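Residues take their numbers from the sequence shown, with the count starting at 1. This one's a predicted model, so the numbers in the text were calculated from it and none came from an experiment.
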Amino acid sequence: MIRILFICHGNICRSPMAEFIFRDMVEKKGIGNEFVIASTATSTEEIWGDMGNPVYPPAAKILNDHGINCKGKRAVLLKKSDYDKYDMFIGMDSNNIRNMHRIFTKDTDGKIHKMMDFTERGGDVADPWYTRNFETTYNDIYQGCQGLLEHLMNKER
């Protein structure tokens with residue numbers, strides 16, 4: 001079982017998009033039962049008490065446009081204790097990576113990765129909160145998820 005946690009700032013756009021895109025990919029390949037896939041935030045901005053906001057409507061719409069349902073997903077906060085529960089932490093940008101290091105205080109097992117490092121392009125996933133371009137973000141994440149899955153499949157061989 002491979003346990004993957006996708007992380008962004010608020011857990012309402014990029015990381016839930018990655019969670020559901022990657023889940024869709026592995027389900028279509030018939031290997032969904034080999035994974036635990038979730039997403040979290042490094043900030044409490046979208047979490048009120050114990051209740052997180054749902055996926056941002058334009059992010060949910062772009063997923064839906066691609067045949068992916070994210071209904072019921074709500075923002076949750078990354079916790080230090082998550083480090084022992086997951087095999088990989090995939091951040092969407094350099095700020096997410098910095099915040100994961102701050103929350104975990106160490107990454108002795110080398111579990112922290114940046115999404116676009118699994119592509120030829122590298123860099124950060126475009127943040128649609130600022131760009132308002134959810135299609136570009138979807139494409140970045142889709143490419144990152146494809147690269148991640150390819151990396152994991154090659155690792156297993």
Side-chain angles (χ1 to χ4, degrees), residues 1-26 35-64 66 68-119 121-149 151-152:
M1 185 71 62
I2 301 170
R3 297 173 312 268
I4 299 174
L5 192 61
F6 293 101
I7 293 105
C8 71
H9 182 76
N11 193 218
I12 62 166
C13 292
R14 293 177 295 170
S15 61
M17 288 172 72
E19 173 186 350
F20 288 97
I21 290 169
F22 194 74
R23 187 175 290 153
D24 184 63
M25 281 183 180
V26 297
F35 291 88
V36 172
I37 303 164
S39 64
T40 62
T42 61
S43 163
T44 59
E45 287 178 27
E46 299 295 335
I47 302 166
W48 308 98
D50 290 335
M51 179 65 79
N53 285 331
V55 175
Y56 190 53
K61 181 186 181 316
I62 198 75
L63 287 172
N64 192 56
H66 289 274
I68 301 171
N69 185 343
C70 64
K71 189 173 184 166
K73 170 66 181 172
R74 290 191 166 272
V76 294
L77 185 63
L78 180 67
K79 297 184 278 288
K80 185 174 185 169
S81 62
D82 287 329
Y83 193 82
D84 295 326
K85 298 175 187 171
Y86 291 89
D87 302 308
M88 296 181 84
F89 299 92
I90 311 296
M92 300 297 122
D93 63 31
S94 298
N95 289 331
N96 304 150
I97 300 299
R98 184 190 69 238
N99 287 333
M100 281 189 273
H101 282 287
R102 179 183 50 79
I103 291 165
F104 294 139
T105 66
K106 60 186 176 190
D107 181 25
T108 53
D109 298 326
K111 296 180 179 186
I112 296 174
H113 306 274
K114 191 163 33 165
M115 172 65 88
M116 297 310 288
D117 287 349
F118 293 100
T119 70
R121 175 171 79 74
D124 293 343
V125 172
D127 190 342
W129 188 258
Y130 300 105
T131 68
R132 310 318 278 173
N133 188 333
F134 287 83
E135 189 67 37
T136 296
T137 300
Y138 178 90
N139 291 333
D140 282 355
I141 293 170
Y142 188 87
Q143 291 170 13
C145 286
Q146 280 184 315
L148 172 60
L149 184 56
H151 167 79
L152 293 171

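Here the side chain of D140 pairs a donor or acceptor atom with the backbone of A126 at under 3.5 angstrom. A side-chain donor-acceptor contact under 3.5 Å links N99 to the backbone of N95. Checking side-chain atoms of D84 against main-chain N and O of S81 turns up no donor-acceptor pair under 3.5 Å. The backbone N or O of K85 lies less than 3.5 Å from no partner atom in the side chain of D82, so there is not a single donor-acceptor pair. With T44 contributing its side chain and I47 its backbone, the two residues share no donor-acceptor pair below 3.5 Å. Without hydrogens or angle criteria, D24 side chain to F20 main chain gives no donor-acceptor distance under 3.5 Å. With hydrogens and angles ignored, the 3.5 Å screen pairs a side-chain donor or acceptor of N69 with a backbone N or O of K71. Panel note: side chain N11, backbone V76; a donor-acceptor pair is recorded below 3.5 Å.
Note that the CZ atom of R74 and the CG atom of D50 stand 12.5 Å from one another [nearest 0.5 Å]. One finds the SG atom of C145 at 5.0 Å from the CE atom of M25 (value rounded to the nearest 0.5 Å). Taking CG of L148 as the start and CE of M116 as the end, the distance is 12.0 Å to the nearest 0.5 Å. The CD1 atom of I90 lies 11.0 Å from the CD1 atom of I37; values are rounded to the nearest 0.5 Å. Summarising the geometry, atom NE2 belonging to H151 is positioned 13.5 Å from atom OG1 belonging to T119; distances are rounded to the nearest 0.5 Å.
Donor-acceptor pairing under 3.5 Å is lacking for the side chains of T42 and N96. K79 and T40 form no side-chain donor-acceptor contact under 3.5 Å, judged by distance and modelled atom types alone.
The shortest distance between side-chain heavy atoms of I68 and I21 falls below 4.5 Å. D87 places none of its side-chain heavy atoms less than 4.5 Å from the side chain of I4. Looking only at side-chain heavy atoms (C-beta outward), M88 and K111 stay at 4.5 Å or farther from each other. M17 places none of its side-chain heavy atoms less than 4.5 Å from the side chain of H66. The shortest side-chain heavy-atom distance between M92 and C13 does not fall under the 4.5 Å cut-off. For the pair W129/T137, no side-chain contact is recorded, criterion being any heavy-atom separation below 4.5 Å from C-beta on.
Under the ring pair (Phe, Tyr, Trp, His ring centres under 6.0 Å) criterion, H113 pairs with F118, not counting sequence neighbours. For F104, the ring pair (Phe, Tyr, Trp, His ring centres under 6.0 Å) criterion is met by Y83, F89, not counting sequence neighbours.
Contact check on R14 versus D127 returns a salt bridge, with a Lys/Arg side-chain nitrogen under 4.0 Å from an Asp/Glu carboxylate oxygen. Taking 4.0 Å as the cut-off between side-chain N and carboxylate O, K114 and D124 count as a salt-bridged pair.
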Fill in: From CA spacing to verdict: side chain to side chain contact (heavy atoms under 4.5 Å, CB included), S39, K73
CA-CA 9 Å; S39 64; K73 170 66 181 172; 3.1 Å; yes
Worksheet item: Should T136 and T131 be marked as a side chain to side chain contact (heavy atoms under 4.5 Å, CB included) after you check the CA-CA gap, both sets of side-chain angles, and the distance that decides it?
Response: CA-CA 9 Å; T136 296; T131 68; 5.9 Å; no
Worksheet item: After noting the C-alpha distance and the side-chain angles of E19 and C70, does the key distance pass the side chain to side chain contact (heavy atoms under 4.5 Å, CB included) rule?
Response: CA-CA 9 Å; E19 173 186 350; C70 64; over 6 Å; no
Item to complete: Test side chain to side chain contact (heavy atoms under 4.5 Å, CB included) on F134 and K61 and set out the steps.
Response: CA-CA 9 Å; F134 287 83; K61 181 186 181 316; over 6 Å; no
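The two residues G10 and A75 come nearest to each other via the heavy atoms O-CB, 3.5 Å. For the residue pair I12 and P16, the shortest heavy atom distance occurs at C-CG, 3.6 Å.
The neighbour count for F35 CZ, taken as heavy atoms of other residues, nucleotides or ligands under 6.0 Å away, is above 12.
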